[in-house]
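Below is one structure, written out as structure tokens; the observations come after it.
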Amino acid sequence: MLFQWMKNRRRRKLAGEPFPPEWLKIVQSNCRHFATLDLGERGRLLRDIRWFVAEKSIEVSVGLVLTDEMRVTVAAHASLLGLGFPDPPFDRLQSVILQPEVYVGTKIVRDKSGLELHSQDARIGETSRNGPVLLSWKDVVRQCRDEPDGRNVILHEFAHLLDMVDGDVDGIPPMDSEEEFRTWKDVTRNEYRRLVNQSQLGRRTLLDQYGATSEVEFFAVASETFFEQPFEMKVLHPRLYDVLKSFYKQDPAQRWGVV
Ligand SMILES: [Zn+2]
């Protein structure tokens, strides 16, 4: 209770302060979406960036020195994802840890007999319930500054956090109504199967075929494409675009002014 009161007080104070000009330059150069937002959305995004930076612990691992560019770039994309919701949706997240580049993570699975199996793979990001979120800074910079290719690891990992808000990690984030939930399940399951089929046939797809790994990854991958290649998604996957638009309460294709 006291913590919430202090947080609200700090939020009000930050919302009344001017946004640091050097941070604005970072947002403009590292978040291509900012230029597409209307004035009201820009104000909300900048406010949420300040709150995110003030409330989350953003750390770096060996090989990096923490900069404002790192803090603001992560905060901008996380805040973009939550822009359509009444409040920023990442209250439970405590920390973000930046790795210099691709790193090796350990996956632990249990086989039928209960035996724990450990395997290692190369990663550019990951998250767990309530975090921390891990991100490869080298890949963040490449994806945020280069020509858009539909990939954005920050959006991907924070989409996983949205999926986890209701306690289940199932590729279905919390919905507003039973009807929205039914439509979501119907559309995303069909689209997921389509991606699995196309991937098995060796065909090229708009969605990253990593999304064919599971319905959980499908939601994170589809979220990346929704923001990064909205026009293409609206043309090639109109029903998927519509359920994501309804969930995120944002219309990136319309924002980019291409439809
Ligand atoms: Zn993922």
Side-chain angles (χ1 to χ4, degrees), residues 33 56 58 61 73-82 89-90 92-110 117-144 148-175 184-185 187-189 191-196 198-200 205-230 233 237 240-241 243-244 247-248 252:
H33 304 273
K56 311 300 178 199
I58 303 177
S61 58
T73 302
V74 172
H77 290 87
S79 301
L80 175 77
L81 215 57
F90 303 111
R92 290 193 204 155
L93 174 71
Q94 302 280 329
S95 65
V96 177
I97 301 170
L98 296 169
Q99 303 282 348
E101 55 184 316
V102 174
Y103 59 95
V104 174
T106 303
K107 190 175 177 180
I108 304 168
V109 284
R110 248 175 230 285
L117 303 168
H118 293 229
S119 63
Q120 295 198 311
D121 53 17
R123 295 176 187 181
I124 63 169
E126 66 187 285
T127 190
S128 52
R129 220 182 292 263
N130 306 334
V133 171
L134 269 70
L135 299 163
S136 152
W137 176 241
K138 190 175 175 185
D139 290 275
V140 165
V141 170
R142 179 178 55 77
Q143 294 173 338
C144 291
D149 64 355
R151 309 284 87 85
N152 187 303
V153 65
I154 309 176
L155 297 178
H156 182 107
E157 297 309 331
F158 279 84
H160 278 315
L161 281 184
L162 291 178
D163 180 11
M164 295 167 183
V165 165
D166 58 4
D168 296 322
V169 190
D170 54 5
I172 309 174
M175 299 277 131
W184 176 278
K185 260 175 59 175
V187 172
T188 56
R189 295 228 161 123
E191 291 277 358
Y192 169 65
R193 283 191 207 110
R194 187 174 153 195
L195 185 64
V196 171
Q198 302 276 28
S199 149
Q200 284 168 349
T205 52
L206 174 68
L207 295 165
D208 186 342
Q209 295 187 0
Y210 182 62
T213 316
S214 66
E215 289 181 57
V216 171
E217 292 307 333
F218 180 80
F219 168 59
V221 163
S223 296
E224 287 179 77
T225 314
F226 175 71
F227 284 98
E228 293 288 325
Q229 293 184 309
M233 179 184 258
H237 303 270
L240 183 59
Y241 184 88
V243 293
L244 287 162
F247 168 66
Y248 281 110

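Both counts, for ligands and for their atoms, begin at 1 and track the order of listing. Note that the structure is a prediction, hence the values are computed from the model and not measured.
- For Ser199, the side-chain contact (heavy atoms from CB on, under 4.5 Å) partners are Gln209, Ala212, not counting sequence neighbours.
- Gln143 contributes a side-chain N or O that, together with a main-chain N or O of Val153, makes up a donor-acceptor pair within less than 3.5 Å.
- The distance from the Zn ion (ligand 1) to the nearest N/O/S atom of Glu157 is not under 2.8 Å.
- Here the options are Tyr248, Phe218, Phe247, the test is ring-ring contact (aromatic ring centres under 6.0 Å, His included), and the partner is Phe226; only Tyr248 passes.
- Here the N, O or S atom of Glu217 that is nearest to the Zn ion (ligand 1) is OE1.
- Considering just the N/O/S atoms of His156, the one nearest the Zn ion (ligand 1) carries the name NE2.
- Applying the side-chain contact (heavy atoms from CB on, under 4.5 Å) test to Glu217 and every residue at least two apart in sequence or in another chain returns His156, His160, Tyr210, Thr213, Ser214, Ala220.
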